[in-house]
Amino acid sequence: MTSITSVELNYLVFRYLQESGFTHSAFTLGYEAGINKCTIDGSLVPPGALITFVQKGLQYLEMEANLSNNDAEMDEDFSFLQPLDIITKDVNQLRQMVKEKRKNIQKDRIKDRDKDKDKEVEREHEGERGRIREKERTEKEKEREKEREKEREKEREKEREKEREKEREKEREKAESNKEREKQPEELAYRDMVLDQVDKDVARHEENGTLAGPEPMDIATTSTFASHDACEIHSSEVTILEGHTSEVCACAWSPTGSLLASGSGDSTARIWTISDGLFKSGGKNSPLNVLVLKHVKGRTNEKSKDVTTLDWNGEGTLLATGSYDGQARIWTTTGDLRATLSKHKGPIFSLKWNKKGDYLLTGSCDKTAIVWDVKAEEWKQQFEFHTGPTLDVDWRNNVSFATSSTDNMIYVCRIGETRPIKTFAGHQGEVNCVKWDPTGSLLASCSDDITAKIWCMKQDKYVHDLREHSKEIYAIRWSPTGPGTNNPNQQLVLASASFDSTVKLWDVEQGKLLYSLNGHRDPVYSVAFSPNGEYLASGSLDKSMHVWSLKEGKIVKTYTGNGGIFEVCWNKEGDKIAACFANNTLCVLDFRM
């Protein structure tokens with residue numbers, strides 16, 4: 001007798017949750033049940049498989065209840081039962097119900113036979129009347145069909161006229177384009193003259209200590225492509241880091257040295273030493289240059305220990321990791337475990353050090369955020385305001401921070417306060433990411449509701465509602481530019497990465513679109529600005545990483561790996577970019593323009 005295994009059942013439930021739109025439930029089950037390691041070929045499982053499976057089970061029980069050892073009953077009507085009865089009663093009880101139903105049907109049949117005799121005579125009369133009515137209906141229908149045919153002929157004539165108009169339009173356009181080609185040399189000369197004037201204006205503003213932002217009419221809203229061959233990164237400029245045995249979902253450069261941290265589904269984080277000498281060979285990184293930070297003793301790839309997020313402290317001396325087991329861990333640069341922080345009752349999705357480095361902030365699936373006193377190695381305060389999992393956290397300053405959640409809400413909290421100091425409501429879907437600008441005065445957020453929003457502490461409603469994406473927005477990042485940064489004379493902009501395969505750049509003062517960077521073919525999971533604010537790296541599930549020039553709005557470098565990209569990040573000098581992949585690897589790109 002065929003039976004279903006628990007692995008197969010888990011896969012059917014996982015697919016049901018995915019197809020029904022319960023993405024976070026599917027994500028949690030997928031991790032805990034190890035769905036990505038099962039041998040089932042998903043392409044062979046049709047949509048709605050679980051529901052079909054359950055329906056067939058109910059039908060089987062229904063048939064079993066209707067079967068009887070008495071051959072005389074085989075010709076009787078099949079009795080349909082309610083699903084709730086089939087689930088809650090055993091076969092004997094179901095058979096008793098079928099028997100009762102059949103008795104009632106028998107009684108009804110006797111009554112119906114008597115009624116039928118009376119109705120037979122009536123039907124004969126009715127039949128005659130019906131034939132007369134049918135004849136009248138047929139005549140009317142013929143008339144209506146003639147009318148409809150006339151209407152259709154009119155429509156066809158209109159279509160033919162439209163086609164003729166299109167042909168005439170094409171002819172006009174051809175004539176126009178010939179004129180344009182004749183004009184082009186003059187226009188190119190004029191455009192060069194305008195660009196020279198713009199450069200002079202910019203130089204003049206820089207001398208005066210100000211930088212003129214673009215006029216609204218000058219904003220380019222679509223990126224241009226550089227030649228693919230010209231910007232494809234050569235393998236000699238790429239180092240592949242191998243060693244993880246599951247997808248690498250997080251990476252971060254140390255703010256002070258040449259160390260790169262990575263976190264994986266294999267229950268480890270790793271610290272890689274990246275020296276310039278690596279790029280001379282363009283090969284794989286030697287095992288001597290990596291420290292393995294094990295989150296579980298012995299066997300790895302235990303889903304409950306997945307490393308989901310990591311962050312270096314400001315001095316680059318300590319690395320914090322968040323895990324699916326709900327624990328945060330603090331490690332030294334030599335790979336020693338300094339502290340294990342346990343209080344969350346669910347996976348940690350986000351984690352950040354404050355600038356001072358005395359507090360660590362974690363956000364968890366258990367709906368809470370916790371501030372940890374790092375020196376005391378204990379929790380200082382737990383914030384329990386959200387009604388759904390906490391998806392992201394970000395410090396505003398050393399003592400206050402923002403949190404976002406699947407409950408569509410954003411809260412700004414301060415250590416020592418028992419209630420949020422600010423509540424931002426306005427999103428209509430899960431808020432995936434929150435980020436404070438470099439000065440902590442503006443907060444950006446992005447959501448499954450296809451919008452990004454900008455908020456400030458002075459008002460409850462958003463300052464800007466950014467609505468140019470066509471699918472969920474997964475990540476946002478502020479440029480390291482504007483007042484209070486190392487690049488004070490450059491305009492502050494916001495980048496948003498979406499499942500619609502685009503990255504968009506926004507003028508945060510005007511709340512308007514500056515560029516739409518359209519180079520990816522699949523969802524974009526991560527974006528990162530170069531330290532000088534002149535370039536933007538983007539990583540996508542299409543396996544490619546693009547580096548965009550923000551001055552020109554076009555791709556200047558691109559690299560294609562062998563798996564979807566979950567995160568990209570720049571080192572502090574801005575000459576190396578790291579990306580982590582779904583095929584268990586990281587790569588480091590040498591970036592010098």
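These values consider heavy atoms only, across backbone and side chains, with no hydrogens, waters or symmetry-generated copies.
- For the pair Lys343 and Trp379, the distance from NZ or CZ to the six-membered ring centre is under 6.0 Å and the angle to the ring normal is within 45 degrees.
- Using cut-offs of 30° and 60° on the angle between ring planes, the pair Trp331 and His295 is tilted.
- The shortest side-chain heavy-atom distance between Lys435 and Cys446 does not fall under the 4.5 Å cut-off.
- Taking the six-membered ring where the residue is Trp, Phe566 and Tyr525 present tilted rings, their angle falling between 30° and 60°.
- Shortest non-hydrogen contact noted between Val547 and Phe591 is CG1-CE1, 3.5 Å.
- Residues Asp306 and Thr308 have side chains that never bring a donor and an acceptor to within less than 3.5 angstrom of each other.
- In summary, Lys352 and Asp392 engage in a salt bridge, as defined by a charged side-chain N under 4.0 Å from a carboxylate O.
- For the side chain to side chain contact (heavy atoms under 4.5 Å, CB included) test, no residue two or more places apart in sequence or in another chain qualifies with Asn408.
- Here the side chain of Ser498 pairs a donor or acceptor atom with the backbone of Asp500 at under 3.5 angstrom.
- Looking only at distances, a side-chain donor or acceptor of His546 sits under 3.5 Å from a matching main-chain atom of Gly519.
- Side chain of Ser447 to main chain of His427: no donor-acceptor pair is present (N/O by atom type, distance under 3.5 Å, no hydrogens or angles).
- Note on ring orientation: taking the six-membered ring where Trp is involved, the planes of Phe27 and Tyr31 are perpendicular (angle over 60°, cut-offs 30° and 60°).
- With Gln459 contributing its side chain and Met457 its backbone, the two residues share no donor-acceptor pair below 3.5 Å.
- Between Leu319 and Thr333 there is no side-chain heavy-atom pair separated by less than 4.5 Å.
- Counting heavy atoms from C-beta outward, His469 and Thr502 have side chains that approach closer than 4.5 Å.
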